[in-house]
Amino acid sequence: MNATNFIHPAFIFIIFAGILTIWKHRSFKYLLPLPGIIAIFCVLLMKPGIYNEISYLGFKLTLGRVDTLSIVFAHVFAIQSIIGFIYAFHVKERAQHIAAALYVAGAFGSTFAGDYFTLFIFWELMAVASTFLVWLNQNNPKATNAGFRYFIFHTLGGLFLLGGLLLRYKVVGNFDFVPISPSSATIYDYLILIGFAVNAAVVPLHAWLPDAYPEATITGAVFMSAFTTKTAVYVLARGFAGFEILAIAGTIMAIYGVFYATIENNARRILAYHIVSQVGYMVAGIGIGTSMTLNGACAHAYAHILYKGLLFMGAGSLLYATGTAKLSELGGLAPKLPWVFVFYMVGAVSISGFPLFSGFVSKTMVISGAAEAHRTILALGLELAAVGTFLSVGIKLPYFAFYGEKKYSGSIKPLPKNMYVAMFIASFLCFFIGVYPNFLYHLLPFEVEYTPYTPWHLEQTLLLLSFTGLGFYVLRKKLTPEPKLNLDFDYFYRLIGRSFLKLCKNPIEKIDNWWSEIYKKIGLRGLMGLARGSALFDLEEIDRVIDGFAYNFIRCGNNISKIQKGDVRIYLGISVLIAFAIFGLIYLF
């Protein structure tokens, strides 16, 4: 493929968003899967190379850098966009589809960006468009505040990225997005890394994710679960492979996410915390930096997008049908929503790493790579996180939502057929990748020498999952969801916000009131006194001078008029006197 026939998927979705803004007829919904279908064909036809280089304001921008790393992410982005728009087929509000299309465009643009300038533009497009996927949930009063918090946090991350790339340009003189060696990283590289870490939800920069995703629209959360964090994983793999801080941070993410997911009540909040956990596997793999772990990070990102989207579709279906996603208010829904239960469980066993499903062939690659790199503690931490994943997503959530002692007695709203179709497609792909992993391995950036289905991997996985299931059965009453919100680092963010408001409300407000009183008693009185003095001066001095001059001028005129009698002798006498006066002056001077 040469530069003339390279079609950038981002512009497909941007054009699609433009069409939706002017297409008023309700038939627009039939176009929803079309941009994703076109995008997948474009990705399949791509050849490695550099495309769409342009000059702008003296900078060289590269919109199309195609290689094996960008293709694997673009491949799954295109597939998930098709699934997401099919799931959203019933949504009549065009604004949601426009925001989703621009959001996907931002992800594609970031994936193919060959320079930081282009990356930043599409990075911010993602942030703005995804914010609207939260705000557009007009039935949820919490969505507005959650959207503002989400936007502020991503603005902060964008500022770190912008500051880093500008400082880098000052030093190196270009915006090229190239791999950075850990040994030569400078302050601007770490600023860029922080900007990427915000979108990757690296602990403690992660609280925006479980705060905003549960409040987004039902279909918007499906899109958001797939693109923001995985785009961040891509740019970390592109620029920061081998950074030790990422290996440690990723392992912490994996454990931290499952801990909070285990104690959560809201189904979508549980899944949001598991995004933090599962992305932790990817970040750890990137940080370890071997070919095996980098392949594992990419493979797990691919698998995660599909099964996490499926899980959010399942939770969204519960919310759509019952009006709530709180486990404390659900129960006994398996007979009433049997296909939702089946599709959800496919996603649940996939994320838990069950054999024959996608998570097994990707997650074990990261863990095995960590062990082969002699990172035993990291490998054990990731194994521990796998136990927590099965406990919370694979057992706790479906048990209390679809079974459990408490039974949901409210009405069940029928689901649109397109929601079932989307969940079926995602379920099929999760199973297909699990039984035919070479489909996924063929896309990975490095040559793969890994066999997931070994006796050791199977035995280890089944033992861990079996004992986890036994532990849940014993402790199931202790794990009963409670109707409360568990704050983690949200607490500190909100504390800072409340402290700032108190600062504005108390000291600053008191200073403002104090100054107002001073102004009222001194400043205002002084101004009034100055005004009275000005009026008095105007009356006594200015008016006196002007009026006196006017009166004298009038008297002079009157005297002159008295002289004018019409007698020629008087005029000649005056003329003689004037002539003598002038002659005397000339003689004297």
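Annotation: the span from Y190 atom OH to I180 atom CD1 amounts to 9.5 Å, rounded to 0.5 Å. Taking CD1 of I395 as the start and OG of S352 as the end, the distance is 7.5 Å to the nearest 0.5 Å.
For the pair K230 and F77, the cation-pi test (distance below 6.0 Å, angle within 45°) is failed.
In summary, D67 and R238 engage in a salt bridge, as defined by a charged side-chain N under 4.0 Å from a carboxylate O. The pair K396-E264 does not meet the salt-bridge criterion, since no charged nitrogen lies less than 4.0 angstrom from a carboxylate oxygen.
In this structure, the side chain of S225 engages the main chain of V222 through a donor-acceptor pair within 3.5 Å.
Checking T290 against T293 by side-chain atom types alone, a donor-acceptor pair falls below 3.5 Å.
Contact of the Y103 side chain with the M224 side chain is registered, since non-hydrogen atoms from C-beta on lie closer than 4.5 Å. Side-chain contact between Y213 and R268 is absent, with no heavy-atom pair separated by less than 4.5 Å.
Aromatic ring centres of F360 and F354 lie farther apart than the 6.0 Å criterion allows. Ring to ring, W208 and Y150 are close: their centroids are under 6.0 angstrom apart.
Shortest non-hydrogen contact noted between H274 and I351 is CB-CD1, 4.2 Å.
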